[in-house]
Participant: 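Just dropping this structure here.
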Amino acid sequence: YENGKKNGKGVFSWADGAHYEGFFKDNMLEGEGNFMWKDGKEYKGEWKDSMMWGKGICKYPDGKTYEGHFENNLREGNGKLKWPDGKIFEGVWKNGKREGKGKLVLQNGETKMGLWENDTLKETENDN
C-alpha cells in the first residue's frame, strides 16, 4: 500500500471468489497479472486501468483458449483462438470479433483463409 492505495505487486481476493495476483497502481490492476474469476475463467497477461490490455492468454470455462492482444477487456489485434474440439482461428480481431485477415483450421484439417467481417467469413482466399 502507498497513500492508502494498493500499489506494487500483491494478491487480492474478492468476496465473490475472484482472485488476482500481480501488480497494482493506485488501486487499479496495472502491468502483469493473473486474474481468476469465480466461474473458472482465467487471464494471465497485461493489465491497464483494471482492464485486460496488451498481450495475454485467456482460458474460458467452456474450454476455449485465446492467446494474443486485448484492449478494453476485448480481443483486439492479432491473436489465436483454440476451441476444445481442435478448431483454431488465427488472425485479426476488432472489438472482440474476427475482423480482417484470418485463417480458420477445422477439426478435419480443412483450412479456410480469407477476410472476416463482424465475426463472419465474408471473402475466401482459398479453400483446401
Side-chain angles (χ1 to χ4, degrees):
Y1 277 85
E2 188 177 295
N3 297 324
K5 294 183 178 179
K6 291 184 279 300
N7 278 288
K9 191 171 186 179
V11 176
F12 192 83
S13 295
W14 283 260
D16 70 359
H19 179 82
Y20 175 76
E21 186 171 338
F23 288 87
F24 295 88
K25 182 179 178 186
D26 296 328
N27 278 343
M28 305 291 273
L29 312 184
E30 189 79 28
E32 290 288 323
N34 181 15
F35 196 103
M36 175 81 79
W37 285 260
K38 68 176 181 175
D39 66 0
K41 178 178 171 182
E42 183 178 5
Y43 174 77
K44 291 181 182 180
E46 298 172 344
W47 294 85
K48 178 181 171 187
D49 297 329
S50 291
M51 291 185 286
M52 296 182 291
W53 200 298
K55 272 179 127 173
I57 299 173
C58 193
K59 296 179 181 179
Y60 300 92
D62 64 4
K64 291 183 210 155
T65 301
Y66 173 79
E67 183 172 354
H69 284 85
F70 291 84
E71 281 185 20
N72 294 311
N73 287 331
L74 297 172
R75 300 174 196 137
E76 186 76 23
N78 292 316
K80 181 189 287 188
L81 181 65
K82 295 180 183 178
W83 283 261
D85 65 5
K87 186 168 58 173
I88 300 170
F89 174 81
E90 188 168 4
V92 181
W93 298 81
K94 185 173 181 175
N95 294 320
K97 296 181 179 179
R98 293 172 283 192
E99 188 77 29
K101 265 189 122 156
K103 175 173 84 171
L104 179 67
V105 180
L106 301 175
Q107 302 90 318
N108 64 6
E110 180 185 354
T111 300
K112 294 181 180 259
M113 294 181 68
L115 294 176
W116 298 76
E117 186 180 303
N118 198 28
D119 225 22
T120 304
L121 181 59
K122 292 292 185 183
E123 189 179 314
T124 306
E125 290 179 6
N126 67 330
D127 286 313
N128 296 342

Participant: What pairs of donor and acceptor atoms, side-chain ones from residues 77-88 against any protein atom, are under 3.5 angstrom apart with sequence neighbours left out?
Facilitator:
{"residue": "D85", "atom": "OD1", "partner": "K87", "partner atom": "N", "Å": "3.0"}
{"residue": "D85", "atom": "OD2", "partner": "Q107", "partner atom": "NE2", "Å": "2.7"}

Participant: With sequence neighbours excluded, tell me which residues meet side-chain hydrogen bond (donor to acceptor under 3.5 Å, both in side chains) with N34.
Facilitator: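 For N34, the residues satisfying side-chain hydrogen bond (donor to acceptor under 3.5 Å, both in side chains) (neighbours in sequence not counted) are E42.
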
Participant: So with a 6.0 Å cut-off around NZ of K41, is the heavy-atom count from everything else above 12?
Facilitator: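 Check passes, neighbour count above 12.
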
Participant: Considering all heavy atoms of both residues, which atom of F24 and which atom of K6 are nearest to each other, and what is their separation?
Facilitator: CB-O, 3.5 Å

Participant: With a 3.5 Å distance limit and no angle check, can you tell me whether E30 reaches the backbone of D49 through a side-chain donor-acceptor pair?
Facilitator: yes

Participant: Under 4.5 Å between side-chain heavy atoms, hopping through other hydrophobics if needed: is there a path connecting M52 to Y60?
Facilitator: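 Yes, one cluster joins them.
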
Participant: Determine whether Y66 and W37 fall in the same hydrophobic cluster, where Ile, Leu, Val, Met, Phe, Trp and Tyr are linked whenever their side-chain heavy atoms lie under 4.5 Å apart.
Facilitator: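 Same cluster.
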
Participant: Give a yes or no on whether W53 and M28 share a hydrophobic cluster (residues Ile, Leu, Val, Met, Phe, Trp, Tyr; joining criterion: side-chain heavy atoms under 4.5 Å apart).
Facilitator: no

Participant: Mind checking whether N7 and D26 have side chains closer than 4.5 Å, heavy atoms only?
Facilitator: yes

Participant: Looking only at heavy atoms, which two atoms of G96 and L74 are closest? And how far apart?
Facilitator: N-CB, 3.8 Å

Participant: In Å, rounded to the nearest 0.5 Å, how long is the span from CE of M51 to CG of N73?
Facilitator: 6.5 Å

Participant: Assess whether a salt bridge exists between D16 and K38, defined as any Lys/Arg side-chain N lying under 4.0 Å from an Asp/Glu carboxylate O.
Facilitator: no

Participant: Check for me, please, whether V11 and M36 land in the same ILVMFWY cluster - side-chain distances under 4.5 Å, paths through other members count.
Facilitator: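 No, separate clusters.
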
Participant: On a heavy-atom basis, which atom in L115 and which in L121 lie closest, and how many Å separate them?
Facilitator: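 Residues L115 and L121, closest heavy atoms: O-CD1, 3.6 Å.
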
Participant: Using every non-hydrogen atom in the two residues, find where Y20 and F23 come nearest and quote the distance to one decimal.
Facilitator: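 Closest pair (atom of Y20, atom of F23, distance): OH-O, 2.8 Å.
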
Participant: Do V105 and E110 touch side chain to side chain, with heavy atoms closer than 4.5 Å?
Facilitator: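 They are not in side-chain contact.
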
Participant: What distance do E117 atom CD and K94 atom NZ have between them, rounded to the nearest 0.5 Å?
Facilitator: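 Those atoms lie 10.5 Å apart.
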
Participant: Give me the atom names and distance for the closest heavy-atom approach of E99 to N118.
Facilitator: OE1-N, 2.7 Å

Participant: Working to the nearest 0.5 Å, report the span between CG of D119 and CZ of R98.
Facilitator: 4.5 Å

Participant: Would you please indicate yes or no on a ring centroid separation below 6.0 angstrom for F70 and W93?
Facilitator: no

Participant: For a quick test of reading the model, state the closest non-hydrogen atom pair linking K103 to W116 and the distance between them.
Facilitator: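 In terms of heavy atoms, the two residues are closest at N-NE1, 4.4 Å.
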
Participant: Under 4.5 Å between side-chain heavy atoms, counting indirect links through other Ile/Leu/Val/Met/Phe/Trp/Tyr residues: same cluster for F12 and L29 or not?
Facilitator: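 Yes, F12 and L29 fall within the same hydrophobic cluster.
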
Participant: Inspect the contact between K48 and E46 and indicate whether a charged nitrogen and a carboxylate oxygen are less than 4.0 angstrom apart.
Facilitator: no

Participant: Once salt bridge (charged side-chain N to carboxylate O under 4.0 Å, His left out) is applied, what residue pairs with a partner in residues 50-77 remain, sequence neighbours excluded?
Facilitator: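 Counting only pairs at least two positions apart or across chains, the salt bridge (charged side-chain N to carboxylate O under 4.0 Å, His left out) contacts touching residues 50-77 are D62-K64.
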
Participant: When rounded to the nearest 0.5 angstrom, what is the spacing between CE in M113 and CD in E123?
Facilitator: 12.5 Å

Participant: With a 6.0 Å cut-off on the ring centroids, do W14 and F35 count as close?
Facilitator: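 Yes; F35 has its ring centre under 6.0 Å from that of W14.
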
